[in-house]
Amino acid sequence: MSGAPSSNTELVAVLVAMLTAGKGLAEISEHCQGVVPDIDAVGLTMAMQPTTAARLTVSTHGRLAEPGEALQLDLGEGPCIESHAKRRVVLAEDLEADGTARHWPVFARQACEAGIRAVFAFPVLLHDQVVAVLSLYRATPGALSTDGERMAAAYAVAAAVLLLHDTPTLIASDQDEEEVALLPPSLAVIPQAVGFLIARLGLDADQALARLRAHAFVAQRPLAEVADDLLQRRLPAEELP
């Protein structure tokens with residue numbers, strides 16, 4: 001980027017202007033992947049809670065992004081989940097390193113099998129809440145450069161600005177407090193299946209999602225496929241662990 005801005009504020013303003021002139025949020029992953037050095041794929045996923053089923057992948061670019069995002073949702077672990085839960089940047093430079101493999105044992109193994117060797121997750125904040133995570137994927141291990149971290153962090157802030165303007169669905173908290181939470185504009189098959197289990201078995205949302213994940217893990221199938229089977233009555237609710 002020629003004539004680079006001298007401050008993060010200016011950088012974010014430039015990014016927002018460039019993205020708004022194009023396809024906005026839909027373009028953010030491709031744009032980020034093309035600018036941050038040595039990154040093979042980028043995904044942006046919105047979520048209310050770190051492990052909630054109500055998640056929406058807004059933008060992906062590169063072959064590693066979709067499997068990387070899906071694995072973390074299916075398993076409920078990984079850099080994206082931790083970045084959301086702890087409200088901080090999570091840099092996993094080598095998924096095969098002993099410490100990383102112990103920290104996320106299932107995700108690290110399956111991610112490596114999918115060709116992912118490093119993941120860098122940046123939280124997207126709105127109203128002091130994490131509403132999305134920007135995840136950068138690499139097929140080889142290694143750290144992000146200082147400039148790479150700065151650019152990725154700027155894209156996370158730009159994503160927040162675009163979300164604020166592109167997604168009008170804001171709701172007040174249950175306690176009628178001043179803080180608001182951003183909801184995805186549509187719900188996919190997984191949260192629909194969670195709602196079905198809540199109504200059918202009297203579970204809460206965490207229990208319902210845990211049962212779906214447990215069945216998907218035992219059956220070695222994607223979470224979305226299990227959810228679809230449940231909704232299409234191919235999988236009886238009573239058969240879930």
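Heads up: numbering here begins at 1 and tracks the sequence.
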For this session: Give me the one residue out of Val218, Leu235, Leu203 that meets side-chain contact (heavy atoms from CB on, under 4.5 Å) with Leu240.
Result: Leu235

For this session: For the pair Arg213 (side chain) and Leu73 (backbone), establish whether a donor and an acceptor sit closer than 3.5 Å, ignoring hydrogens and angles.
Result: yes

Seminar exercise, completed: Ala156 and Phe122 have their tightest heavy-atom pair at CB-CB, 4.0 Å

Using a 3.5 Å cut-off and no angle test, enumerate the donor-acceptor pairs between side-chain atoms of residues 32-40 and protein atoms at least two apart in sequence or in another chain.
from: Gln33; atom 1: NE2; to: Ile39; atom 2: O; distance (Å): 2.7
from: Asp40; atom 1: OD2; to: Ala139; atom 2: N; distance (Å): 2.7

Exercise. Quick one: are Arg234 and Asp228 in side-chain contact, heavy atoms under 4.5 Å?
Worked result: yes

Exercise. Is there a donor-acceptor contact under 3.5 Å from the side chain of Thr100 to the main chain of Ala92?
Worked result: no

Exercise. Does atom CD of Glu27 have more than 12 heavy-atom neighbours from other groups under 6.0 Å away?
Worked result: yes

For this session: Could you give me the CA-CA distance, side-chain angles and deciding distance for Leu197 and Gln207, then say whether side-chain contact (heavy atoms from CB on, under 4.5 Å) is met?
Result: CA-CA 9 Å; Leu197 289 175; Gln207 292 170 332; over 6 Å; no

Exercise. Would you say Arg221's side chain and Ala216's backbone share a donor-acceptor pair under 3.5 angstrom?
Worked result: no

For this session: Calculate, to the nearest 0.5 Å, the distance between atoms SG and CD belonging to Cys80 and Glu69 respectively.
Result: 5.5 Å

Exercise. Is there side-chain contact between Pro79 and Gln72, with heavy atoms separated by less than 4.5 Å?
Worked result: yes

Seminar exercise, completed: Of all heavy-atom pairs linking Pro141 and Asp94, the shortest is CB-CG, 3.7 Å

For this session: Compare every heavy atom of Ala108 with every heavy atom of Ala101, then report the nearest pair and how far apart it is.
Result: CA-CB, 4.0 Å

Exercise. Can you name the closest pair of heavy atoms from Phe120 and Gly142 and give their distance?
Worked result: CZ-O, 3.2 Å

Exercise. Looking only at heavy atoms, which two atoms of Leu230 and Pro236 are closest? And how far apart?
Worked result: CD1-C, 4.3 Å

Exercise. Looking at CG of Leu144 and CE of Met151, how far apart are the two atoms once the value is rounded to the nearest 0.5 Å?
Worked result: 12.0 Å

Problem set entry | Carboxylate-amine/guanidinium proximity below 4.0 Å for Glu238 and Arg200 | yes

Exercise. Checking Thr60 side chain against Glu66 main chain: does a donor-acceptor pair fall under 3.5 Å?
Worked result: no

Exercise. Are Pro123 and Val89 close enough that some pair of their side-chain heavy atoms sits under 4.5 Å apart?
Worked result: yes

For this session: Kindly indicate, with the supporting measurements, whether the criterion side-chain contact (heavy atoms from CB on, under 4.5 Å) is fulfilled by Arg211 and Leu201.
Result: CA-CA 11 Å; Arg211 289 201 180 188; Leu201 301 180; 3.5 Å; yes

Exercise. Looking at Ile28, Leu162, Leu134, Thr45, which one forms a side-chain contact (heavy atoms from CB on, under 4.5 Å) with Ser59?
Worked result: Ile28

Exercise. Has the side chain of Arg117 got a donor or acceptor atom that lies under 3.5 Å from a matching backbone atom of Gly115?
Worked result: no

For this session: Looking only at non-hydrogen atoms, find the nearest pair between Pro105 and Glu77 and report the distance.
Result: N-OE2, 3.6 Å

Exercise. Would you say the side-chain atoms of Ser83 pair up with the backbone N or O of Arg88, donor to acceptor, closer than 3.5 Å?
Worked result: yes

Seminar exercise, completed: Under a side-chain separation threshold of 4.5 Å, the hydrophobic residues clustered together with Val106 are Leu64, Leu71, Leu75, Val90, Leu95, Trp104, Phe107, Ile116, Val119, Tyr137, Phe217

